[in-house]
Amino acid sequence: MHATPADRSDLRADCSQCFALCCVALPFAASADFAIGKDAGTPCPNLRDDFRCGVHTELRTRGFSGCTVYDCFGAGQKVSRITFGGRDWRAGDPEHRRRMFDVFPVMRQLHELLWYLTEALTLPAARPVHADLRRMLEGTERLTLQTSEELGQLDVHGHRRRVNVLLLRTSELVRAGAGRRKKDHRGADLIGARLKGADLRGASLRGAYLIAADLTGADLRGADMIGADLRDANLTEADLTGAIFLTQPQINAARGSAGTRLPASVTRPGHWTAHV
Ligand code: SF4
């Protein structure tokens with residue numbers, strides 16, 4: 001059963017139903033985001049036997065801010081409970097582990113696409129493509145229910161390209177509906193850009209590099225944010241009301257304040273106001 005347009009609850013991480021796949025399957029390198037490095041398929045040393053993080057409440061102060069940014073869009077619980085029927089990676093042989101860890105990033109991509117498609121179906125301006133969006137949503141949901149062998153062979157990048165055609169059309173319809181001449185910053189290099197107070201209403205920021213950009217007080221209402229890299233971007237007092245295709249990991253990676261206005265689909269990260 002997939003999420004309805006109004007309810008994306010099964011597209012949000014539920015760590016209580018997951019075998020900590022992100023803490024095992026994914027690699028990370030020692031950096032400003034991770035205090036240590038580890039290989040893919042190796043459990044993080046902070047992972048406890050009950051699949052919970054031993055430093056969960058201190059991640060940022062201990063140098064694991066990268067963990068607070070990550071979100072699996074509900075892929076972890078899908079792989080743990082549906083694809084592998086509740087059989088965890090500790091219980092299986094090396095082949096079982098390998099398949100589980102291979103499937104997880106594929107499922108994450110599919111769930112991220114479900115997130116966008118589900119959102120697109122809530123947008124009235126996208127009504128001309130709602131039937132196509134619904135078919136694509138159902139098709140993507142069916143892919144997530146395949147066996148681990150089928151998921152392992154899936155051309156997820158090809159599927160992503162097909163979905164993207166529809167998402168692009170959705171973006172055009174939504175932004176055209178706002179009746180303004182729209183700025184196109186698709187894939188733009190805006191690293192460290194000074195965009196304080198900028199009027200970016202209805203802009204396309206698809207895949208734009210906004211790392212450490214100053215977007216303080218910027219007006220981003222109705223902007224297309226899909227794939228924009230917001231790491232360390234300053235969103236203090238910015239207005240993202242009605243911004244489309246914004247995800248929790250993007251917001252988690254940015255800086256902001258109690259005054260940042262966000263779409264209802266994402267939540268204000270605790271670290272924005274915790275001064276950590
Ligand atoms: S520090 Fe905690 S959340 Fe991060 S990978 Fe390790 S166990 Fe998982």
Side-chain angles (χ1 to χ4, degrees), residues 8-94 96-112 115 144 148 151-152 156 211-212 229-233 246-256 265-276:
R8 283 189 263 182
S9 56
D10 60 357
L11 301 178
R12 298 177 197 275
D14 180 355
C15 302
S16 71
Q17 295 300 311
C18 175
F19 299 130
L21 294 178
C22 62
C23 306
V24 187
L26 305 180
F28 47 75
S31 61
D33 294 327
F34 296 101
I36 56 168
K38 75 164 199 69
D39 294 330
T42 302
C44 171
N46 293 324
L47 187 64
R48 301 189 318 207
D49 287 346
D50 62 357
F51 300 111
R52 299 298 175 97
C53 172
V55 296
H56 178 69
T57 57
E58 307 159 280
L59 283 168
R60 296 187 80 84
T61 53
R62 285 182 172 245
F64 289 91
S65 59
C67 301
T68 67
V69 168
Y70 185 80
D71 190 293
C72 72
F73 296 98
Q77 65 257 32
K78 176 74 78 68
V79 172
S80 298
R81 301 294 161 186
I82 307 293
T83 316
F84 288 88
R87 186 163 171 250
D88 75 63
W89 47 269
R90 287 191 179 117
D93 56 27
H96 169 73
R97 284 170 157 236
R98 188 192 60 74
R99 275 194 291 130
M100 202 169 204
F101 300 155
D102 285 352
V103 162
F104 174 61
V106 174
M107 187 69 83
R108 193 211 186 237
Q109 289 208 53
L110 292 173
H111 268 230
E112 183 183 359
W115 174 273
T144 71
S148 60
L151 283 162
V156 71
I211 301 164
D229 192 335
L230 293 171
R231 281 176 290 168
D232 281 328
L246 190 66
T247 65
Q248 196 63 48
Q250 285 173 299
I251 287 298
N252 291 350
R255 291 181 286 141
S265 55
V266 295
T267 57
R268 191 177 312 278
H271 62 267
W272 280 13
T273 49
H275 307 293
V276 174

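Residue indices begin at 1 and follow the sequence shown. In each ligand, atom 1 is the first atom listed, and ligand 1 is the first ligand listed. Note that these values count all heavy atoms, side chains included, but never hydrogens, waters or copies made by symmetry.
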(request) Just do the side chain to side chain contact (heavy atoms under 4.5 Å, CB included) check on L110 and V156 with the steps written out, would you? (result) CA-CA 7 Å; L110 292 173; V156 71; 4.0 Å; yes
(request) Go through R48 and D50 one step at a time and tell me if the salt bridge (charged side-chain N to carboxylate O under 4.0 Å, His left out) criterion holds. (result) CA-CA 5 Å; R48 301 189 318 207; D50 62 357; 2.8 Å; yes
(message) If only side-chain N and O atoms count, and only distance matters, is there a donor-acceptor pair under 3.5 Å linking T247 with Q250?
(response) yes
(request) Could you name all protein N, O or S atoms found under 2.8 Å from atom 4 (Fe) of ligand 1? (result) C67 SG
(message) Please check this pair: side chain of Q17 against backbone of S80, looking for a donor-acceptor N/O pair closer than 3.5 Å.
(response) no
(message) Are the side chains of V24 and F101 in contact, using a 4.5 Å heavy-atom criterion?
(response) yes
(message) Applying salt bridge (charged side-chain N to carboxylate O under 4.0 Å, His left out) to R231 and D229, what does each step give before you reach the verdict?
(response) CA-CA 6 Å; R231 281 176 290 168; D229 192 335; 2.6 Å; yes
